[in-house]
Amino acid sequence: MYKLLLSWRYLKTRFIALASIVSVTLGVATLIVVNSVMAGFVDQMQSRLHGILSDVEVAAPLLGEITYPKEHVAVIRELLGDDVEELTCVVRNPALLSFEFHGRQWTQQVMLMGIDDETFGKVTDFEPYLTNELKRERFSFELEEKGYESKYQPSGWEYRRRVAENKKQLADLMQQHQNAYDVAAASYVDATESNGRVAKVDGPDGERKVQLRPLPAKVPKHSEAAQEGIESVHQATTIPNSLAAKSSEKAQKVSPFDPHAKLRPQVNPEDMFDARKDQYTGIILGQAISQRKTTDADGKIVDLYMVRPGDDVQIMFPSVGSRAQPVSDNCTVVDFYSSNMHEYDSTFAFMPLSALQDMRGMIDPLTGDGTVSTIQIKLKEGANLDAARDKLIARFPPSQYPYDIHTWQDTQRPLLSAVTMELTILNILLFLIIAVAGFGILATFFMIVVEKTRDIGILKALGAPSRGVMSIFLGYGVSLGMVGTGAGIVLGLIFIRYINNIADLVAFVTGQEVFDPMIYYFSEIPTIVSPLMVLLVAVGAIGIAVLASVLPALRAARLHPVEALRYE
Amino acid sequence: MSKLAVTPSAAKTDFDLSPGNRSKRRGANLKVARPTSMSVAGLYKSYRKGKLEVPVLKGVDLSVAEGSFTAIVGQSGSGKSTLLHLLGTLDAPDAGEIHYCDQRIDNLPSKQLEKLRNTQFGLIFQFYHLLPELTTLENVLIPRMVQDGFIQYLRNKKKYVQRATELLDLVGLTHRLTHKPSELSGGEMQRTAIARSLISNPSVLLADEPTGNLDAENGAEVMDTLHRLRDQENLTLIMVTHDNELANKADHVINLVNGVVAD
Ligand SMILES: Nc1ncnc2c1ncn2[C@@H]1O[C@H](COP(=O)(O)OP(=O)(O)OP(=O)(O)O)[C@@H](O)[C@H]1O
Ligand SMILES: [Mg+2]
């Protein structure tokens, strides 16, 4: 009873001791905030890193092949047994991607992934990161009518049709223009022939007649055939109405100046590729591939997308085989992949497995089976990745198979371990803060014990046991530690709750973004408060407070009653 | 010294300090010749200050009968307080034996010493020694708090508070129950200390100049109270004093000179 009473009275009359506990409060709050933010960071990073990496991967060397993938899949399924959730085959090769933007051709390197649209999404976290909501629900390599995010607008079929329409009109216009020239030239030639006005040129085999192109006629304003985007061409190619009419009629016939016209096969217009209705092989680009971050006139950061869903791009890469040939083809961008992991978003492009196998010549013409470059495996929840990897390595030893078998963590090992180490060091440093606070408590408590020496003597003279006297000061330390830690937890949790508001406030006051979205790719600071972490921090802090009060309490317990009574 | 002979069973077992047992013993001996409450034989105590040794008590022998009033007198620095501390088991003698109720107490384990101090001895110090954080009432209650566990204390609290109020009434401090020691006069503090020394109904009261800071009237009143308690409850009184008048009222006067009892 007297222990509680005295602990409480000492607490009430000595606010200076509370000051020593403020450092515990701050230390605890900082530890909780830092750990929560780091946990949020790591969690986001891990899920992003894991993203399109499967749990375990059996990979052929770059540009190499795994032949007989079906047989491999069967072997792996048998080897790993029930641990396997799903398997998928992927062709992966570096490729060049080129596209047109503002009349210029842009080319850049990408990592092209040929994926199986059935199983790839089950093996990796691929689909949740697609930007089109329809694709997230039901995946395909078809361009969608709608569902694209507003920041990628205009995009989709609507956009594709408009662009194609403009291109078509432009092409038609060019054709008309060409025909008009042809007609004009023909009539000119007719005229000059009757006038005898023929240019005579000395050639190696003697005199030759050369038809002269007429100067473009000055023409009245053309009808509203052309639309936006082609004005410049339009101006240069205005055609007189009369001539235009004549040319269209004449264009049906074979142009007299096209020597190859007769050789051209007659194609049914229905079968011809029409960009307004048709798309090439679908390709999904990492959103950062065509993205440029720029600042607008107000200094705000804006995203500029040079390619959008609905645009056509060209890909080029070497075929397989001992004598690799460059192959290239058109693809239509059907969506973006946005995991917010810059490393992935700026390198990966996805297209259908079969199309890529076909282009690279990976399909055996006899059996129709294709080779692949990696087999990706998703294991059941809780399965041991490293064990599975080791089993696979034992089955496909490096001495016999040129495969690289690794888990996703192996791939990102340097980054993950760097983050883990960072967190460990931060925790050590912050715990040192609490330890420093512990020494503060130690000093304060020693002072109090010294000050209370006579009281201790009195208590002992009245029959209080040493243990009782000790527990007064231990209780004092524990309650101070608990008060400090409790306040720290509350402070830390409040800080986390409003961390984004605080970051905004700091940004407002300093004029500097705390987490520049241009660099960090998230608009909100991610936090995860783990109860276990809070508990550990609390136990640690209270433990330090107790430890710091043990020494003074022991000293108090050891005091000799008579000497303590004599103490002035 | 034959009285100090201890029965083997008593030596082995703990002190039987239950109040019932005590009163039985008192009742049995009240009308007969008084048995010895405390006795001391060949007590030596010296303080060491570095290499210098200061001998204070050099073989003190004394015997105090139950229910008697013994006054210890002597010059300042003669070792009166030291002797009282030794009697109260606050300190251990260098040599010699201290007996209480026929049992040697100077070499008991600390746990039993604590119990002894808490329940059998009432201590009044020369310099009051109150706890500054507690009120007068709480200071008086402290020995009871030390004695009981948490729950037990709460259960008995009413009884204890009543007793404490009675005692404070006895020393005339009912109007200062919630005052802190810093708000009391020296005499009031001394009276609080007296009330505290009596709260657990001790059988021996060891007082170091309890009336030193009181005026004659108050001092006499306190002494009256102590005498009354001695008569009513068979309280053994051992008191250090400078006051000759007081000493003259005592059954025994022990004069400490040069660390020994002078005749
Ligand atoms: N801790 C100590 N170290 C050294 N000497 C001490 C110590 N305590 C007491 N003494 C010495 O022992 C002697 C006796 O002290 P004590 O307090 O018993 O005297 P006293 O008779 O009570 O005196 P007073 O009447 O003034 O209270 C003194 O000379 C004192 O200097
Ligand atoms: Mg003295």
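Since we're looking at a predicted model, the values are computed, not measured. Chain letters run A, B, ... following the sequence lines, proteins first, then strands; residues in each count from 1.
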Can you tell whether the side chains of A/Lys12 and B/Glu133 come within less than 4.0 Å, N to carboxylate O? no
Between A/Ser466, A/Gly457, A/Pro465, A/Gly468, which shows the greatest number of heavy-atom pairs under 4.5 Å with chain B? A/Pro465
Within 6.0 angstrom of [X] [atom1], more than 12 heavy atoms from elsewhere:
| X | atom1 | result |
| --- | --- | --- |
| A/Met533 | CE | yes |
| B/Leu52 | CG | yes |
| B/Lys157 | NZ | no |
| B/Gln75 | CD | no |

Pick one of side chain, backbone, both or neither for A/Lys3, based on which atoms fall under 4.5 Å of a heavy atom in chain B. neither
Residues in residues 485-499 of chain A that sit under 4.5 Å from chain B, counting heavy atoms only: none
Tell me, do B/Asp91 and A/Glu563 make a side-chain contact under 4.5 Å, heavy atoms counted? no
Mind running side-chain contact (heavy atoms from CB on, under 4.5 Å) on B/Met145 and A/Leu6 for me, showing each step along the way? CA-CA 11 Å; B/Met145 295 190 199; A/Leu6 285 171; over 6 Å; no
Checking side-chain contact (heavy atoms from CB on, under 4.5 Å) against A/Tyr2, which of B/Val146, B/Leu131, B/Leu134 comes through? B/Val146
Chain A contact via [X] - side chain, backbone, both or neither, heavy atoms under 4.5 Å:
| X | answer |
| --- | --- |
| B/Gln126 | neither |
| B/Ser81 | neither |
| B/Arg196 | side chain |
| B/Phe125 | side chain |

Closest contact, heavy atoms only, [X] versus [Y]:
| X | Y | answer |
| --- | --- | --- |
| B/Leu90 | A/Ala461 | CD2-CA, 3.3 Å |
| B/Ile142 | A/Leu459 | CG2-CD2, 4.1 Å |
| A/Lys452 | B/Pro132 | NZ-CG, 3.8 Å |

Okay, side chain of A/Arg454, backbone of B/His129: is any donor-acceptor separation there less than 3.5 Å? no
Could you have a look at B/Arg117, B/Glu114, B/His85 and say which one has the most heavy-atom pairs with chain A under 4.5 angstrom? B/Glu114
Separation between OH (B/Tyr153) and CG (A/Leu5), nearest 0.5 Å, reads 8.0 Å
Test the A/Arg566-B/Tyr47 pair against the cation-pi criterion, namely NZ or CZ under 6.0 angstrom from the six-membered ring centroid and within 45° of the ring axis. yes
